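A quick write-up on the structure given underneath.
The structure presented is a predicted model; accordingly, all values stated were derived computationally and were not measured. Below, chains carry the letters A, B, ... as their sequence lines are ordered, and counting in each starts from 1.
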2 protein chains.
Amino acid sequence: MVNSNTGVNLPALRSHNAALVLNLLRTAGEDGVSRLDLAERTGLTPQAVSKITGRLRAEGLAVDAGRRASTGGKPRTVLRLLPGAAHAVGLHLDRDELTAVLVDLSGTVIEANVVPLDLGAGAEVVMEVVTGEVAALATDTVLGVGVAMPGPLDHAAGVPHRVTRFPEWDGFPLRDALAARLRLPVVLDKDTNAAALGLALRGAGADSFAYLHLGTGLGAGLVLGGALYRGARTGAGEFGHQTIQLDGPVCGCGGRGCLEALCLAAVARGDLAGAARVLGAGAANLVSLLDIDRVLLGGRIVTGAAEPFVRGVRAVLEERARRGGEPVVPVALAQDSAHPVAEGAAQLVLAPVFGR
Amino acid sequence: MVNSNTGVNLPALRSHNAALVLNLLRTAGEDGVSRLDLAERTGLTPQAVSKITGRLRAEGLAVDAGRRASTGGKPRTVLRLLPGAAHAVGLHLDRDELTAVLVDLSGTVIEANVVPLDLGAGAEVVMEVVTGEVAALATDTVLGVGVAMPGPLDHAAGVPHRVTRFPEWDGFPLRDALAARLRLPVVLDKDTNAAALGLALRGAGADSFAYLHLGTGLGAGLVLGGALYRGARTGAGEFGHQTIQLDGPVCGCGGRGCLEALCLAAVARGDLAGAARVLGAGAANLVSLLDIDRVLLGGRIVTGAAEPFVRGVRAVLEERARRGGEPVVPVALAQDSAHPVAEGAAQLVLAPVFGR
DNA sequence: TCACTTAAGCAACGCTGTTGCCAAAGTGCA
DNA sequence: TGCACTTTGGCAACAGCGTTGCTTAAGTGA
């Protein structure tokens, strides 16, 4: 109940606690959690947990799943999330293809389809393709559709801004148009944010981390304090055009010495170690400024040559930690799922169910 | 009720809503707010607000304060915070002096004292001076003592780390030692964080902003989404050693091309415009990454030559906004109070009362 | 004067998590 | 095998939250 600007009444309290319990069930996965564990981890009384889990079982969201070994008394009954109780559709609108996935409550992919798509073909064509793909996936347990696309965009309003190379999307009310067409709730967000959310919910092993994505461009998704950080106008995570070399080479954005320009230039001339060093410097800036737990790397260029990138970025962060006498912030490759962005997009819909 | 990892019960709900109402009363200041305004802004029903304000009046935290003009019916009764109902002590432990202030609930300074202090004189001597100063200020309505000092430090544990030039503080359990001695709750935080919190509560005109402090060093306090952002290990805001010039001049920290080194070097050679340009580049990086609403500047060097700094930083941010076709993020001098850090330190104690 | 409007509290209510208690289901020793 | 003990977890009663329904207070305007 931290940092809310609105009053809270009993229904809100109830759903908050229910979401909390659901999230713990989700985290536990197949293993399940006992009621007393839930009580301890929520701070609620065992009796309150019994009531809450009773409701969740009645709604078909949770089930009993065996029992733990006894510790001298009645053994604990274990509860488990029923993943099939609800689903979400995740869409990744990329520049040249559309990925659509259906996931269940646990985040498991039930079905995935990839079709060609020209993001520049105009809203009407794109909406048509999207509608078809969603129709092919949607069941009556689908809670909504999450849509991820290249930024910048306005998450709160559900409106893309000037997508690089496809400026015609600027201002098109994509979320509302899709919601009306699909008759389902729709959530729109940046591809990097979706990927970061997916990582956070799959258990990135950190409460705060930065996901750095080096593909056609360089972007970041920030998870701070367990929640995706979007910023005041939901434009946070613009990482590629951080100045890291005052008066450096001119970048496509018009600035000079941008991280993205330097990084891609190094990649272009085959200097992966140099690219990693530049990326590492940017990562070190992030770590210092935001005091995050972890740095995760992803994107086409990184996955194509994971080892030099992970090692190069790690070296810069270790050097930084050594200087400051601070613990080293670990760097790792973002554990890949088959369609990280589309799955993260689906999590845009599921996250609120778990209070995230 | 966003982003809490603990369960919520009725007492917690009650204090949350009460804090929310208190915060609105605080924001309104002398003018006061009507019950119906409170209801609208909290989302609670008018009857709930009546009950809550009734309790606050019974506790002596709020009082009736006249009425608004009628709009065709019974005029609204206006409520006002009773600032003298509680107080807090704020301490600024600087390298060469100690500032101690007593503030009331509204943040108004009741009394302020500045005495010489050698931060390197050892914990025992410092504690002795602090105890004396707090005793001189404390009344029986004091809720606690907020302590601000140069970082880095661990806010959660209340333990300083390696304070530049005074490494002997590393690991000393300052918060607990002071709390035991003063028999009052104590909160410890970085000076830049305290200053930023003070600005946030005095109404910085923004929900998210960065306070950049250029004094003997360069630091930042981040307020994101209305709350002070401290990061995973409460070390966030390390702004001075952001790399902004790859392979640039060596900095005292051992790194190269740090913002602080470049900025201070420019100041040292009298090139304020150059310093402002460097600071602006760092600010632009912050704005892009975190999508904040506002940049506030402070610190001895900036206040000594406000105009060139504000203009220089603003120029860089305007240029950036122009390139991206985005709204310009305003830059301003942090509106100075007499003792910004000490007053902010006091707010470390008061902020929880208002749910911040 | 009187109809109307707006504000705000009293009383009853539904629902929350909590407390007190008890039954269920184990362990372990005699 | 029996019994004391431990641990789990639900039933029932309860205090207390915001909400709903309604009444009273306090204005405006014809």
Determine: side-chain N/O of [X] to OP1/OP2 of [N], distance under 4.0 Å, yes or no.
X     : N      : value
A:T77 : D:dG9  : yes
A:T45 : C:dT18 : yes
A:R76 : C:dG26 : no

Give B:R68 one of three labels, base, sugar-phosphate or nothing, depending on what nucleic acid heavy atoms sit under 4.0 Å from its own.
->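 No contact at all - B:R68 keeps every heavy atom at 4.0 Å or more from the nucleic acid.
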When we call it a touch if two heavy atoms are under 4.0 Å apart, what does A:S34 touch: a base, just sugar-phosphate, or nothing?
->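 No contact.
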Heavy atoms from C-beta onward define the side chain here; which of [options] lies closest to that of [X]?
X     : options               : result
A:P75 : C:dA7, C:dG26, D:dG18 : C:dG26
B:L44 : C:dA8, C:dT16, D:dT19 : D:dT19
B:T71 : C:dT6, C:dT18, C:dC15 : C:dT6
B:Q47 : C:dC15, C:dA7, C:dG9  : C:dG9

Atom [atom1] of [X] to atom [atom2] of [N]: distance rounded to whole Å?
X     : N      : atom1 : atom2 : value
B:K74 : D:dA26 : NZ    : P     : 6 Å
A:D64 : C:dA25 : CG    : P     : 13 Å
A:R67 : D:dG9  : CZ    : C1'   : 11 Å

Residue met sooner reading DNA chain C from 5', once B:G72 and B:S50 are mapped to nucleotides =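 Taking each residue's closest nucleotide, the earlier one in sequence belongs to B:G72.
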Got a sec: does the CD of A:E111 have more than 12 other heavy atoms crowding it under 6.0 Å?
->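 Yes, CD of A:E111 has more than 12 neighbouring heavy atoms, counting only those of other groups under 6.0 Å.
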Residues, nucleotides or ligands: over 12 heavy atoms within 6.0 Å of A:E59 CD =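 Counting other residues, nucleotides and ligands, CD of A:E59 exceeds 12 neighbours.
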Quick one: on DNA chain D, does A:P11 or A:P46 contact a more 5' nucleotide (nearest heavy atom)?
->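 The answer here is A:P46.
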